[in-house]
Amino acid sequence: MRFGIRDKMGLRRALFISWLVVIQLMHVEAVPISMDKTKVTEPEPKEQTQANVDTGLHYDRYLREVIDFLEKDQHFREKLHNTDMEDIKQGKLAKELDFVSHHVRTKLDELKRQEVNRLRTLIKAKQDLEGGNDMAVDHQALLKQFEYLNHMNPHTFEVDDLDRLIKSATNDLENYDKERHEEFKRYEMMKEHDRREHLKTLDDDERKREEEHYEDMRKKHADHPKVNHPGSQNQLKEVWEEADGLDPEDFDPKTFFNLHDTNGDGFFDEQELEALFTKELEKIYDPTNEEDDMVEMEEERLRMREHVMNEVDSNKDRLVSLEEFLIATKKKEFLEPDSWETLEQNQAYTDEEMREFEEHLALQEQDLNEKAVDLQKQREELERQQEQLNAQKMELQQAVEHMERLKTQKVEPPSEVHVEGNAVPELHGLDNQLPPGHQDPGQEHEPVAQAHPDIPQAHHEAPIHNQDFAQYGVPQTHQDLPPGHPEVLQGQHDLP
């Protein structure tokens, strides 16, 4: 659940070292003391270390590029060396921008234009992701959220831009510790919440065993050697002896500082300070032990660093100079410190905070459950629609197959006759309606057919209309039948 805390160990260093120690301000020589100097290895200065440190700010690249170009101006470099951090925070250094070379100002203008374009691209990309492709984007309004530059003037880098950049970076970096503490608190509360939820799934005997195991792990974790007060004489002497391999009786603060100022810039930054606490942390935490949480170890390391900074960093620039370090070694707190309370002795959250956290989780869970129900309903509806589509597809496929079979079998519709424009079945039963003795002119009595040469020989080969029947002497109604015909008599019986 932690973000990359160790990746941000140089969080403040990139800003403050860049502004305060653009070049190495001094090279501290070790004070000659009576010791075996073969055991002391002077660290080689690491050049350009700060240039590769990521502050973790979203505008880190822009910040570092601005600093890099300002460092190239001799006038600005000299002013930087002679300005303390408080004046830098108040914007006094920013006013020196008016005196830098034209070449540097031109490069700064270009950097600002590139940064504004980058922000606009990010805004447009976010708008696209949120489905607002057709909406007009008010870049000026959205750029207001980026306080580290003056968005009203996107073309040139001015004094106001440098002032905004310094103040924004300072504020953002100072809020880092607060955010980190809140994150760790959430981590601890979530861990306790998960433990409680797990206990609810167990029966009485299992729950009892789990509680006993939990208490055993807590006691085992608390059973460790005494932890020295961070930054005290005892703590530093232990590093001197175990890490540096030197005699504790020969301990010298100035030599110690020079040994552990690993980049040789004359300051202890956060990384260098935290490295001094490794031996103390190893007394409490072991990654192979079930009871030891490595996330808590990192929090303990940062607590130690913050404590030393508060006691030693007199000008609050987040760096410890050699002078500040030497002054601190003469204080009573350095020689006779109080005992150090570790994390297990200081719970990260209160009972009230835990209660509010669990209520918040319950609301989140309820919201997720409601969304899950809605999604399930949507899924069922989609499945139902899919079934309907599948049924329609099958019906369509069957219809297509039926048409293909008909086409293959070449089935033709039955022949029809047309009577006065209406299609009716062919009159094959007409012979049965003729009077007795009347013969079909088209079949057996050829003489009759010959007597009427205009009558077709095969009447089924062409449509026959009513007027054609009259022409050939075929009766059309009862009136056309001879007197005494059975159908005439039948019709008379049907009359009222």
Side-chain angles (χ1 to χ4, degrees), residues 1-19 49-50 52-61 63-64 85 89 145 147-148 166-194 221 227 229-231 235 267-278 280-282 284-285 287 292-313 315-320 340-354 356-358 360-361 364:
M1 297 180 60
R2 295 182 63 81
F3 54 87
I5 288 178
R6 293 300 298 174
D7 293 337
K8 296 184 180 179
M9 303 300 283
L11 194 61
R12 297 170 184 84
R13 173 186 179 191
L15 175 64
F16 294 105
I17 286 184
S18 297
W19 290 107
T49 301
Q50 62 269 27
N52 297 323
V53 176
D54 188 345
T55 62
L57 303 174
H58 69 87
Y59 51 92
D60 172 77
R61 180 176 178 178
L63 171 65
R64 288 187 288 109
M85 179 53 63
K89 292 180 181 179
Q145 61 186 303
E147 299 179 352
Y148 62 92
I166 294 174
K167 290 179 178 179
S168 295
T170 302
N171 292 333
D172 291 343
L173 294 172
E174 287 179 347
N175 289 331
Y176 169 68
D177 281 340
K178 181 179 179 181
E179 294 173 0
R180 175 183 53 76
H181 283 304
E182 289 299 317
E183 183 189 6
F184 177 74
K185 182 187 295 185
R186 290 191 296 270
Y187 170 81
E188 289 289 282
M189 289 191 292
M190 180 58 75
K191 188 167 69 171
E192 175 62 17
H193 171 76
D194 291 341
H221 174 70
V227 177
H229 194 96
Q235 191 257 316
F267 293 87
F268 274 164
D269 60 28
E270 294 178 347
Q271 271 185 305
E272 292 165 335
L273 271 180
E274 292 175 4
L276 300 178
F277 311 135
T278 300
E280 299 303 315
L281 295 170
E282 288 176 350
I284 314 172
Y285 298 94
D292 297 335
D293 188 336
M294 295 299 103
V295 174
E296 293 179 355
M297 183 187 76
E298 291 304 316
E299 176 68 13
E300 190 75 76
R301 186 194 303 275
L302 297 174
R303 286 180 68 241
M304 291 180 174
R305 185 260 298 163
E306 286 180 343
H307 175 75
V308 172
M309 280 290 190
N310 290 334
E311 288 191 342
V312 181
D313 179 21
N315 65 355
K316 305 303 178 185
D317 63 355
R318 307 282 180 165
L319 298 167
V320 176
W340 177 254
E341 293 185 351
T342 55
L343 274 175
E344 70 265 11
Q345 298 170 290
N346 292 274
Q347 186 170 273
Y349 54 86
T350 64
D351 293 340
E352 179 65 18
E353 288 173 330
M354 185 66 194
E356 292 176 355
F357 180 75
E358 291 195 314
H360 178 68
L361 288 180
Q364 283 186 327

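For F268, the ring-ring contact (aromatic ring centres under 6.0 Å, His included) partners two or more places apart in sequence, or in a different chain, are F257, F325. With sequence neighbours excluded, the residues forming a salt bridge (charged side-chain N to carboxylate O under 4.0 Å, His left out) with D293 are K191, listed by chain and number. Qualifying side-chain hydrogen bond (donor to acceptor under 3.5 Å, both in side chains) partners for S168, counting only residues two or more places apart in sequence or in other chains: none. Partners of N346 under the side chain to side chain contact (heavy atoms under 4.5 Å, CB included) rule, at least two apart in sequence or in another chain, are R303, E341. Applying the salt bridge (charged side-chain N to carboxylate O under 4.0 Å, His left out) test to E282 and every residue at least two apart in sequence or in another chain returns nothing. Residues satisfying the side chain to side chain contact (heavy atoms under 4.5 Å, CB included) test with A348, not counting sequence neighbours, are F184, E188. Partners of K185 according to the side chain to side chain contact (heavy atoms under 4.5 Å, CB included) rule, which considers only residues two or more places apart in sequence or in another chain, are E182, M189, Y349, E353. Remark: H193 pairs with E358 by the side-chain hydrogen bond (donor to acceptor under 3.5 Å, both in side chains) rule, at least two apart or across chains. In terms of the side-chain hydrogen bond (donor to acceptor under 3.5 Å, both in side chains) criterion, residue partners of D292 (sequence neighbours excluded) are, by chain and number, H221, N289. Applying the side chain to side chain contact (heavy atoms under 4.5 Å, CB included) rule to E311 yields the partners H229, H307; only residues at least two apart in sequence or on another chain are considered.
Using a cutoff of 4.0 Å between basic side-chain nitrogens and carboxylate oxygens, R186 and E183 are not scored as salt-bridged.
In this structure a side-chain-to-backbone donor-acceptor pair under 3.5 Å is missing from E296 to Y285.
No hydrogens or angles considered: a donor-acceptor pair under 3.5 Å links the side chains of E344 and T342.
When all heavy atoms of H58 and Y148 are compared, the pair lying nearest together is CE1-CE2, 3.5 Å. Here the closest non-hydrogen pair linking D313 and N315 is OD1-OD1, 2.8 Å.
With a 6.0 Å radius and a threshold of 12 heavy atoms from other residues, nucleotides or ligands, D351 has its CG atom at or below the threshold.
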